[in-house]
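Computed from a prediction, not measured in an experiment: that's the story for all the values here. A, B, ... follow the sequence lines: proteins, then strands. Residue 1 opens every chain. What you see below is based on every heavy atom in this structure, not just the backbone, and it leaves out hydrogens, waters and symmetry mates.
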Amino acid sequence: MADLDTDFTSGDAGASLTFPMQCSGLRKNGFVVLKGRPCKIVEMSTSKTGKHGHAKVHLVGIDIFTGKKNEDICPSTHNMDVPNIKRLDYQLVGITDGYLSLLKDNGDLREDLKLPEGDLGKEIESKFESGDEFLVSVLAAMGEECPIAIKPMSS
Amino acid sequence: MMAAVGAPEVISQLESAAKVLMAPPSMVSTEQRQHAEHIFLSFRKSKSPFAVCKHILETSKVDYVLFQAATAIMEAVVREWILLEKNSIESLRTFLLTYVLQRPNLQKYVREQILLAVAVIVKRGSLDKSIDCKSIFHEVSQLISSGNPTVQTLACSILTALLSEFSSSTKTSNIGLSMEFHGSCKRIFQEDDLRQIFMLTMEVLQEFSRRENLNAQMSCVFQRYLALANQVLSWNFLPPNLGRHYIAMFEATQNVMLKPTESWRETLLDHRVMDLFFTVHRKIREDSDMAQDSLQCLAQLASMHGPIFPDESAQVTYLAHLVEGLLNMINGIEIEDSEAVGISNIISNLISTFPRSVLTALPNELFASFINCLTLLTCSFGRSAALEEVLDKDDMVYMEAYDKLLESWLTLVQEDEHFPRGCFVQPAVQVFNSYIQCHLAAPDGTRNLTANGVASHEEEEINELQEDDRELFSDQLASIGMLGRIAADHCIPLLTGLLEDRVTRLHGQLQRHQQHLMASADPGTVDRKVLDDLYEDIHWLILVSGYLLADDPQGETPLIPSEVMEYSIKHSTEVDINTTLQLLGSPGEKATSIPGCNRTDSVIRLLSAVLRTSEVESRATRASLTELLSPQMGKDIVWFLRRWAKTYLLVDEKLYGQISIPLSTAFGADTEGAQWIVGYLLEKVINNLSVWSSEPELANDTVELLVTLVEKRERANIVVQCENWWNLAKQFASRSPPLHMLSSTVQRTLMKALVLGGFAHMDSDTKQQYWAEVLHPLQQRFLNLINQENFAQICQEEAVKQEIVATLEALCGIAEATQIDNVASLFSFLMDFLSSCIGLMEVYRNSPETVNLIIEVFVEVAHKQICYLGETKSMKLYEVCLTLLQVYSKNNLGRKRLDVAAEEDQYQDLLLIMELLTNLLSKEFIDFSDTDEVFRGQEQSSGAGRAVSAADVVLYGVNIVLPLMSQDLLKFPSLCNQYYKLITFICEIFPEKIPQLPEELFKSLMCSLELGMTSMSSEISQLCLEALSPLAEQCAKTQEKDTPLFIATRHFLKLVFDMLVLQKHNTEMTVAAGEALYTLVCLHQAEYSELVETLLSNQRDAVIYQRLADAFNSLTASSTPPTMDRKQKVAFLKSLEEFVANVGGLLCVK
């Protein structure tokens, strides 16, 4: 897990984990906190009870880290939390004891992220072992961080 | 194969194959099934299977085998017709008929198939004079007179089979003969045999209608003959001497209006025919299935027109008899549910078929009774339709019937100058009243009341996809609005009174709630029933008022309806203008509390009733009662105000012959009234946008009202004088609450409105200041943000992204506001952004929705502006678009999409790129700029020669798009349409670039064209055909043979040739296909001759051969040798039309 202190030193001081937004202002493919988890909105629809009722928003989101589906329905006037999402690309320079060694832009090394389980982890391992040079995309939100994709080095 | 084995072996083989086919799927394998199917197929193809088939029919007990034997006979007779002895055909037919007659217990599908074979033999023989097939009618009439229901049913089946075969419709069997044959058969049949069938049918109906009691079996026979009569009356008559090419199309069999040929005059103008159907209906009307047929027969009779009537007086006599019969039928009965639609069809058919002059020539009394009956029927169906809604029935028969009748009213009153003056006023009052009554709550109305007066009130969940009532019921509302205008004297004051009353009650109700809330502070305890009833009443009253007072024509300036104008003028002498203005200007007061309120203009008073509703709503929001309000009512109010403003605000006297003084005084140009109301509407808009940001549809309707206020220069001039407008602009520019909470579409439209407003009349200082308020902050914020040192680090933060997205949305809105007189300044403003946007493509390459939005900005700019841009400006736009494409392409390399089960919106970027390319190309078609005139004064001297051309950009784009477009993607309609639009444009505009494409791209382009031509919708097929001519012309120009393009066009020649000559094609496509064919023929004359030769050599019939050869000769006669000359091309197209008419039906086979 990311250490909050390092966050502060890396220039994000004061950036909150989430910010509020009126429910009606959310949109598909955007992000929202559902059941306490940061989610990407995959479905969003409105409805009302009776012809003269007020709009309600039905949200379906996918947890950006676990892929789990969450749903919620709330009046469109309500404020929802929107997570601050960051996505950073690091070059992979090593794998030690199941931890990734990642090169930051400023040349520093970070070694606090685990090699993910599943297919992505296997792909990272095999590509690294065959000597490929590539970037690992890391997603960060609400104090959690996780590698989510690999990309070829842009020349 | 069959010849080799004896009949018993064949039977046992077929029977075991039938067993396999009939077995449940789990019992047999696919191979077994295919094998069994193959056995039947080859059996049906065997040579002269007649003896075997007869044997099968006589001995086999397996129904399916019997069915196949009948099919085999039918196919073989057609196949071997010319080889067969005429009398053996005759005896075969007799055998089949006797066979069926002797076996009353045959399975229905077997019997029908055998009769079908009989019908096909009769039809095939009907053009062969040597065979006498007429005897069949004699036989059938004997069967009918037998009195035996089973035999009579059989007779009916025979006639039905004949009818289907000869109708030359989709029901007709495929017998491998030319369309011309089918058409000739049909024409001969309809003149004689069809009428004979009709007469036989009438006799049966007559006979049955005389009987006192019908048992179940007889009534069943009755029903079949009634259906047969309906089939005859729905016959799509071929006109006796119209061009042959009509034959080349199979006709529809539904919704055919009855247009018999002259030879039917004696039969159908005989009153006894019509009388019989009325009698029949009276007899069977309680049987809902049969009643549908008998009413449909009458509806067909009510649609009768054409040469059957010798003159107008015959039409009048016929119609009078029809109307009398109808009135006799309806009066004094209680209409069954199952009769409603049928009766409304009769009325709607007769009103739309018979000319006004015939309607007005009816005896006065009869016409009056008819209108009276129509009125009562309409009101009654309306009430029943309302009941259906309460009961939430699946099958809304009364609603359908009511819609039909209201539509008929519209037809009638739209041409009311033909009728006696005022004859529709009373009916209009009644229909209008009943509509209002059905839509109001008790006690004034009957909404949600069941038949026994019990109120039902259910709250259902309504999703966003459900249409608003104003769209869902737009046809009904348009009719009711029109009737309201006809009876304006009654209807306008009625609406006003009801609305004022509801608004007063709503006001009171909200006040009570407020007191209650202050006491208990729990909004959950509020009973919304009373409020919801009021909202629903107001909802309908506003919708009807909107449709009554104004039309909503797309595009053109709507006029005040003449009836409304006349009504206002008629009463203007009794009206006190000052009181009227006072009433208008005080929406916060009760209308009736204003002294002299009864001497005000009623049209203005109806508007002010809506303004009063609006005022109650606004005050409630200020009192924090928003939660109690109805967003639906909010939508209704702004919808009405928008519709009203388009028509009445700043009414232009020049457009009217006469004008009402109250209307011109209150809303004319340079009046205080107009200024006041603009201010009021603006305030309403601003209030709504801050209160209702959470209701997307309401916010959208609101911002559309704002656009209406500024899109016309005259209105905008007043708007920009309002302080509120400036406040709105500042508030939006500061991107702070509440406006930034609006949905992105609303924000985009708001930006558009603000830009449109900026082109109103202002002095130059003010104007400068305005842009400084509206546009500059946008630029400033954007530049500040992207130029921040740490932008690279913060750019992915949600708040930053939102700021970027808001800017991009605003840019789209600005582009949308482009008009010819503002394009100069808007283009320069937007250009500054476009290069920065390309930078953002890099930054947000991982965020598809942002990338899409960036491309969308380019799409909008190209869409709205390129047609006005001169050469230099266009080039700038091309350059920046090229850069965009390069970045897009680079970022797309190696990008993987989830192809499996991909959704259309995954490919939004591809669609947008194609749209962008198409928009850039559209300049070649629509170009309003002959010079950079609109940019005069700010143009630097342009560089010599074009740096980047449209062709460069578009071809570069095509290099990106083509490899990405797969066949799977073409299954998405939007992608498919956009793709073909694009490639057709390219072929038309830059044919010289096509041969230069890399080989792979060239191939896939050609494949796309072929695919589009042969297996897509007719629209796309047409696009592809249009692309062929320029390609062929290109080949002709370069005169190089054996280039890939030259070879490809040769292939297309064959495709187009087959399409035009051999296949049933959409006649709309003849022109596009003809043009393509001609240029291709010019290019490949030898190959064309070869195609013709091959086709001719396949003809065995000497007569047909000659006709075809002649037709081909005259097709190219006027253009020999064919050259790419416009005149010759036109001549060819003309000959082609004749060619298709002449031999098209000969080559197209069914």
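Each of B:Met633, B:Glu464, B:Gln632 has some count of heavy-atom pairs under 4.5 Å with chain A, and the biggest count is that of B:Glu464. Of the listed residues A:Leu88, A:Val82, A:Thr77, A:Val57, the one with more heavy-atom pairs under 4.5 angstrom with chain B than any other is A:Thr77. The most heavy-atom pairs under 4.5 Å with chain B, out of A:Pro75, A:Ser137, A:Ala55, come from A:Ala55.
Contacts of B:Leu742 with chain A are absent, with no heavy-atom separation under 4.5 Å from either backbone or side chain. Both the backbone and the side chain of B:Ser693 come within contact range of chain A, with heavy atoms under 4.5 Å apart. A:Pro83 touches chain B through its backbone: at least one of N, CA, C or O sits under 4.5 Å from a heavy atom, while the side chain does not. Both the backbone and the side chain of B:Glu536 come within contact range of chain A, with heavy atoms under 4.5 Å apart. The part of B:Asp469 that comes within reach of chain A is its side chain, from C-beta onward, which places non-hydrogen atoms under 4.5 angstrom from that chain. For B:His740, no part sits under 4.5 Å from any heavy atom of chain A, backbone or side chain.
A 6.0 Å sphere centred on NZ of A:Lys40 holds more than 12 heavy atoms belonging to other residues, nucleotides or ligands. Other residues, nucleotides and ligands place more than 12 heavy atoms under 6.0 Å from the CD atom of A:Gln22.
Using a cut-off of 4.0 Å between Lys/Arg side-chain N and Asp/Glu carboxylate O, B:Lys635 and B:Glu695 are scored as not salt-bridged. With respect to the salt-bridge test (charged N to carboxylate O, under 4.0 angstrom), the residues B:Glu461 and A:Lys56 qualify. Electrostatic pairing of B:Lys890 and B:Glu842 counts as a salt bridge here, judged by a charged N lying under 4.0 Å from a carboxylate O. Between B:Arg447 and B:Asp533, at least one side-chain nitrogen of the basic residue sits less than 4.0 Å from a carboxylate oxygen of the acidic one, meeting the salt-bridge criterion.
Ring-plane geometry between B:Tyr844 and B:Phe791 is classed as perpendicular, the angle between the planes exceeding 60 degrees on a 0 to 90 degree scale with a lower cut at 30.
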